[in-house]
A.B. asks: 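Next up is a structure, given as structure tokens.
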Amino acid sequence: MKNKWGKYSFLLAAAFLLILTAGCSGMPVLDPKGPVGESQKNLIVFSIVLMLIIVLTVMVVLTYMLVKFRERPGRGDKDYDPEHEGNTKLEIIWTVIPLIIVTALSIPTVITIYQLEEPPQSSSDKEPLVVHATSADWKWFFSYPEQNIETVNYLHIPTDRAIEFKLSSADSMGSFWVPALGGQKYTMANMRTTLYLQADEAGTYKGRNSNFTGTAFAEQTFDVHAESTEEFQSWVEETQQSAPPLSQDRYDELLAPGLLQEMEFSSTHLQYVDHGKMGSGDYLINRHQDKFEDLPALEGGEDVAND
Amino acid sequence: MSGHSELTTGPLEYRSHEDRMTVLGFWLFLGAEIALFATLFATYAVLFGRTADAPTPQELFEMPMALTMTFLLLTSSFTCGIAIHEMRRGSLKGLLTWLIITLALGLGFLGFEIYEFVHYAHEGATLQSSAYWSSFFVLTGTHGAHVTLGICWAVLLIIQLKKRGLNQMTARKTFVLGLYWHFLDVIWIFLFTSVYLIGMVV
Amino acid sequence: MMDFLLNEFLVTGDPLIYGAMVSIVLVSIAIVFVLTYFRKWGYLWREWLTTVDHKKIGIMYIIAAIAMLFRGGVDAMLMRAQLTLPNTEFLNSQHYNEIFTTHGTIMIIFMAMPFLIGLMNFVVPLQIGARDVAFPFLNAVSFWSFAFGAMLFNLSFVIGGSPDAGWTNYAPLAGPNLNPGPAINYYLLGLQISGIGTLATGINFMVTILKMRAPGMTLMRMPIFTWSSLITSFIITFAFPILTVALALMTIDRIFGSQFFTLTGEGMPMMWANLFWLWGHPEVYIVILPAFGIFSEVISTFARKQLFGYKAMVWSMLLIAGLSFLVWVHHFFTMGAGAGVNSLFSVTTMLISVPTGVKIFNWLGTMYKGKIRFDTPMLWSLGFIPCFVIGGVTGVMLAMAAADYQYHNTYFLVAHFHNVLIAGTVFGCFAGLTFWYPKMFGHKMNEKLGKISFWFFVIGFNVCFLPMYFLGFMGMPRRTYAIEPEWMPLNVVSTVGAVLMAIGFIVFVYNIYYSFRYSEREKTGDTWDGRALEWATTTPVPFYNFATVPEITGPEAFWKMKQEGGTTYDKDNLEPIHMPSDSGVPFIMSAFMFVAGFGLVWEWMVVAIAGLIGILACMVVRSFDYDHGFHVSVEEIKETEEKAREGEK
Amino acid sequence: MSAENEKFPKQHIVGFLGSLVLTLAAAWAVVGSGLPTHWIIISIMVMAVVQAFIQLFMFMHLTEKNGSIQVGNMLHAFFIAAVIIAGSVWTMSFGFSHNHSDNGGGGEEMQMEEQEHNH
């Protein structure tokens, strides 16, 4: 009994630490590629250390109690005190210490919360790049109003420059998440939220909708291509020149519930509708309400991409 | 279930342990009702201003109407208090008279409310027309439904009072009904203030 | 007509569901046959369907909850299977979405809460020396409305399709625009009907505990489980009205076209999330506080010591209850409500860990200088401590809003709430059931089987959920039916754990059967050398509970009585006992609620109105009912007690 | 409760007159006072609370019998109500832009308005 518990808790802690230290390669959250994710990772690691101390303390005390005070042959009434009813000093200790821990966690948390509402410090010399990210069942539209281009289900961003994502949704509530770059924020119809991210390393990162949106939610993913400013600039120019403009009819067609391939356009949908504004919620409903009556179900990752 | 702690003095509705528990239980229920209405008020406050294409409250609310409804309900709460007062004096006749007056006032309030709803619907503000109007109709409608239920309850009680006279059980039931009726007035005060009055100034 | 039946009314096209339909029909036929063959219809109606006895109602709650645990568990196994089969073609996305929705809803609303309310029903009146709850009739209404609400919800499986928007049922996904059809209506009305019962339970138990304690039992002399029930009832009374309104608003949205949470008419979908969690967070404490009470009772009984720091335990529960209403926004930190909002709710959330930590250390303190026995209820309680602490500390991590942006909606969150809800609530239910089982049924559950089931369940539980924290760090979102290759290995591990848990559950249920057949019958009422008043009665408990109600002079009433040689059967001071009469009205009224709910689900207004009229008619009947109950004569009490106490001497 | 057995229900009449006066005062504050909007709102909400207390204490006999439990319960109910209403308004007032293109400003204004409206 006692051994099992003891061994068990140590194995657990050891496994936890092992996985943590064994390079967080498979875990984008613990291996962030930008300042936003970095500050969150620091917070996470700090809290894990404090929490492990608490868990270990409890495990050790529990093991001690079970070993020392279990009923066993020949123990008699030694150490047995049924009238023992409490200890005020101890109560105070185990109230105050958690309070201190909570304070220790609260301060960096609140500081980080406020920091994340602003563009990262490290690139404060440059204006953030504005990208509108709009979710619709079950795809993503990325509009670059300054560049006047729009992409579907993928986006390019320059490294070492803050990106100001303006998030909204054409229908159900999604959540815009690129774990390697930083935490998520909801995309909601009729309203707009802002999320700052930044990539310090070039590379392709996976992004997804992490908030359940129905049938093809699992497929609502996108790729983030982070590249140097020059490469980004040439991608922008190429898109502006070679991609077709996005007509309203085309946009309306794309909005219908379903999956889409990656696409790019040399104009944005913002000229027709801004889903971040109050009263825009019925834009999609007016056009596609009937399609929600009988949605297809997806078999094992099959594609219902429009034809 | 100890039915043995009956008291011989004090108001009739508190004579047994059960009676006291019922009254306490009803008070706790009123606490729950406050949470319920608070949720409706919160919804109303959050959705305030979301009138979409429908008329705004300033365009539709009228002071005389709102005041009339308030006075009707206030007076009914007062007469209901008098009814309980009469009951405690042991007067069945007084109780019934004031209870029926209360009912009549309550019906009058309901009549105005129905007229108001129909009038607004006529002007293009319905349950379906926008988030604001949905919350308005459901908030005031929930209160109206409570009043309706209170009236039905009172009718049932009047029948029982006629049949059985004033005894421990009918007294307790009447007292609880009284609490309910006053409570509806408390809710209406907040409705009048935060829906009608504030709707007229903002 | 036929067309409607096949295309909309009945769920078609899935072999799993056809199988379920066939088995439902077969089981129903079997039940009807058995009842008729053994002429048990009258027995069923008289003894169970019309009973107002808190003990029987408690037992019915627990039976229903175990059935629901099975249903929710099957859902869980199907999900694990889906996430383990390499080509993930086991379930299609729609079916998967329905399954995780019903899993969550059933486990919280129709399993955890009724299980604990069942235990409260059985135990609380016994612990405070009462003969029933304050409002026995209302108690029956509570149970039957829960039962019919659960039935309505489960019906969606074969008729009309299950709700598929997650147990949180977020708008606008669950609203009329994006999710037409009856499925979500089942969720709304099933919860609404059972919620009415829960609210009534809250009020009922508050009055019971506040007004029906044995003479001399001051608040600070109450057993700790009673305290936890009182506080839980308090939370229920203030939290459930919020759910009632939220459900009603969405129902009106869906059926009558209002614009609360819609995309059109400037509706505000986020308000649903706000209202849902205003109820939802207190709900978490509704299902955890009674479990805390159970663990306190069990640990103190099996350490054979007084509870360490009784006052601190009570105050920490009160503090948790108060804070539980001030933290709801942490469920949607990522909504972007601003740094001020997130900071405040981060801090209040973390503060909850302080009173919770106090409780953990007090449990450890209870064992200090004790003489710990390892019977099954104690094992569940000891298993709870480390498992729950892991869930607790990850809860603190989630409370840190800035970090939560990375955890939210991932398997880290899934792991966290299973870690608190299974280790807290489910272990608590199992501990409570095995602890009070002898009192309920007159025999213990088999210890050996109990231990086997415990070890399977607790090891399986950790193997199942610990890997999920890492899946969260890997970026695996919850509610996804398809997985990336790199998430595969840990998902397989997790499934192995789930299978172990299932084995543990099966052994637990088999144990019920085995113990019914083979366990030794109890001879005394005091199986575990107990400390609170429920152990002072005979087993099985007479329907009036206590022949004479003892005068309480301190905490741990029964412990003291044993030392002083007191009894709950004072031969010379017997008086006739007043008891409430049984009534069929609660059952019939709840059946009408079911009819009204079913009508609303399908928007068949005639049916809905008929059901509503039925409910009102039942209320009128009740209003005109002046039945005062009946008195049990002194002779009958003497006879019952003497017979029950034969074995003791 | 000695007043209960009197023939003349003094408490009720005082309460009733008080309510009437407060209601009229609130109506006048809105129609005729010309005060700044937020002062109107604060004053009429205060008057509503006073009226509620008149009902609770003078009509409903809140303090009778299980008085302490009932008073505690009502106070808690009011606290919860305040949390629900103020909390919802506070957390729900963000991210909306009403008919103009910027993102932050609209939301802020809205928030101010709503908070004023509520307190």
Side-chain angles (χ1 to χ4, degrees), chain A residues 26-30 40 43-44 47 51 54-55 58-59 61-62 65 69-71 79-82 84-86 91 94-95 98-99 102 106 109-110 112-114 116-117 171-173 175 179 183-186 189 193 210-212 214-215 218 278-279 281-282 285 292-293 297-301, chain C residues 87-89 92-94 166 170 172-173 177-178 180 263-264 266 270 304-306 308-309 312 334-336 339 342-343 346-347 350 353-354 357-358 360-361 364 367-373 385-386 389-390 393 397 400-403 405-406 408-409 470 473-475 477 479-482 486:
Chain A
M27 301 186 196
V29 172
L30 298 178
Q40 285 162 333
L43 208 54
I44 291 170
S47 64
M51 293 301 125
I54 295 174
V55 172
V58 173
M59 300 270 187
V61 177
L62 176 66
M65 296 294 176
F69 299 109
R70 74 187 198 280
E71 186 177 52
D79 280 352
Y80 177 53
D81 180 9
H84 181 83
E85 60 172 30
E91 300 284 355
W94 59 53
T95 311
L99 267 177
V102 165
S106 295
T109 302
V110 172
T112 316
I113 290 173
Y114 276 89
L116 295 183
E117 297 293 311
D171 41 34
S172 51
M173 181 176 83
S175 188
Q184 63 199 292
K185 212 172 243 189
Y186 286 166
T193 42
S210 66
N211 192 68
F212 180 61
T215 303
M278 175 116 82
D282 51 5
I285 297 305
F292 288 93
E293 299 276 344
L298 264 68
E299 295 288 347
Chain C
N87 296 323
T88 60
E89 281 175 9
N92 68 33
S93 64
Q94 177 59 25
Y170 271 4
L173 180 64
N177 301 130
L178 305 186
L263 291 167
T264 49
E266 303 198 348
M270 299 323 299
R304 281 181 273 178
K305 261 190 75 213
Q306 262 191 55
F308 188 94
T334 52
M335 197 194 281
N342 282 0
S343 298
S346 263
V347 174
M350 278 190 250
S353 68
V354 177
V358 168
I360 299 276
F361 284 106
L364 294 173
M367 288 181 244
Y368 178 70
K369 292 201 173 174
K371 235 189 210 178
I372 304 169
R373 285 186 318 211
I385 293 177
V389 167
I390 295 172
V393 296
M397 291 168 71
M400 302 160 71
Y405 303 156
Q406 285 279 34
H408 187 63
N409 273 331
F470 300 103
F473 286 136
M474 289 175 169
R479 296 171 172 172
T480 176
Y481 78 102
E486 64 263 32

A.B. asks: Closest approach of Thr109(A) and Ala401(C), non-hydrogen atoms and distance?
C.D. replies: CG2-N, 3.7 Å

A.B. asks: Mind listing the closest non-hydrogen atom pair of Arg304(C) and Pro82(A) along with its distance?
C.D. replies: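 Smallest interatomic distance, heavy atoms only, reads O-CB, 3.9 Å.
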
A.B. asks: Taking atom CD of Gln40(A) and atom CD of Gln406(C), what is their separation to the nearest 0.5 Å?
C.D. replies: 4.5 Å

A.B. asks: Which region of Thr95(A), side chain (C-beta onward) or backbone (N, CA, C, O), has a non-hydrogen atom less than 4.5 Å from a non-hydrogen atom of chain C, or is it both or neither?
C.D. replies: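 Contact with chain C: backbone and side chain both.
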
A.B. asks: Which atoms form the tightest heavy-atom contact between Ser172(A) and Pro172(C), and what is the distance?
C.D. replies: CA-CG, 3.7 Å

A.B. asks: Do the ring planes of Tyr368(C) and Phe69(A) sit parallel (below 30°), tilted (30 to 60°) or perpendicular (above 60°)?
C.D. replies: perpendicular

A.B. asks: Quick check: closest heavy atoms across Gly336(C) and Lys185(A), and the distance to 0.1 Å?
C.D. replies: CA-CE, 3.9 Å

A.B. asks: Does any backbone or side-chain atom of Leu364(C) lie under 4.5 Å from a heavy atom of chain A? Answer side chain, backbone, both or neither.
C.D. replies: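 Its backbone and side chain both get close to chain A.
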
A.B. asks: Quick one: do Val110(A) and Ser346(C) satisfy side-chain contact (heavy atoms from CB on, under 4.5 Å)? Show the steps, please.
C.D. replies: CA-CA 8 Å; Val110(A) 172; Ser346(C) 263; 5.6 Å; no

A.B. asks: Please determine, among Val102(A), Thr112(A), Leu116(A), the option with the most heavy-atom pairs under 4.5 Å with chain C.
C.D. replies: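 When all of Val102(A), Thr112(A), Leu116(A) are compared, Val102(A) has the most.
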
A.B. asks: Would you name the heavy atoms of Ala339(C) and Glu117(A) that are closest together and state the gap between them?
C.D. replies: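 It is CB-CG, 3.8 Å.
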
A.B. asks: Considering all heavy atoms of both residues, which atom of Met367(C) and which atom of Met65(A) are nearest to each other, and what is their separation?
C.D. replies: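 What the structure gives for the nearest pair is CB-CB, 4.0 Å.
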
A.B. asks: Apply the test side-chain contact (heavy atoms from CB on, under 4.5 Å) to residues Ile285(A) and Leu178(C): give CA-CA distance (whole Å), side-chain angles for both, the deciding distance (0.1 Å), then the verdict.
C.D. replies: CA-CA 8 Å; Ile285(A) 297 305; Leu178(C) 305 186; 3.8 Å; yes

A.B. asks: Side-chain contact, heavy-atom cut-off 4.5 Å: Lys305(C) with Asp81(A)?
C.D. replies: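 Heavy-atom side-chain distance check fails, nothing below 4.5 Å.
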
A.B. asks: Taking every non-hydrogen pair under 4.5 Å, which of Gly357(C), Gly309(C), Ser343(C) racks up the most with chain A?
C.D. replies: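 Result: the option with the highest number of such pairs is Ser343(C).
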
A.B. asks: Pick from Leu99(A), Val61(A), Val55(A), Val29(A): which one has the most heavy-atom pairs with chain C under 4.5 Å?
C.D. replies: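 Looking at each of Leu99(A), Val61(A), Val55(A), Val29(A) in turn, Val29(A) comes out on top.
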
A.B. asks: Measure the OG-NE2 distance between Ser175(A) and His408(C) for me, rounded to the nearest 0.5 Å.
C.D. replies: 6.0 Å

A.B. asks: Only pairs of heavy atoms separated by less than 4.5 Å count here; which of Glu486(C), Arg479(C), Gln306(C), Lys371(C) has the most with chain A?
C.D. replies: Lys371(C)

A.B. asks: Could you have a look at Ile360(C), Thr480(C), Asn177(C) and say which one has the most heavy-atom pairs with chain A under 4.5 angstrom?
C.D. replies: Asn177(C)

A.B. asks: Evaluate the criterion side-chain contact (heavy atoms from CB on, under 4.5 Å) for residue pair Met173(A) and Met335(C); output intermediate values, then yes/no.
C.D. replies: CA-CA 10 Å; Met173(A) 181 176 83; Met335(C) 197 194 281; 5.6 Å; no

A.B. asks: Report the distance from atom CE of Met59(A) to atom CD1 of Ile385(C), rounding to the nearest 0.5 Å.
C.D. replies: 10.5 Å

A.B. asks: If you count heavy-atom pairs under 4.5 Å between each of Leu173(C), Val347(C), Val389(C), Asn342(C) and chain A, which one has the most?
C.D. replies: Leu173(C)

A.B. asks: Evaluate the side-chain contact (heavy atoms from CB on, under 4.5 Å) criterion for residues Tyr405(C) and Ile113(A): first the C-alpha distance (whole Å), next the side-chain angles of each, then the deciding distance (0.1 Å), finally the verdict.
C.D. replies: CA-CA 10 Å; Tyr405(C) 303 156; Ile113(A) 290 173; 4.2 Å; yes

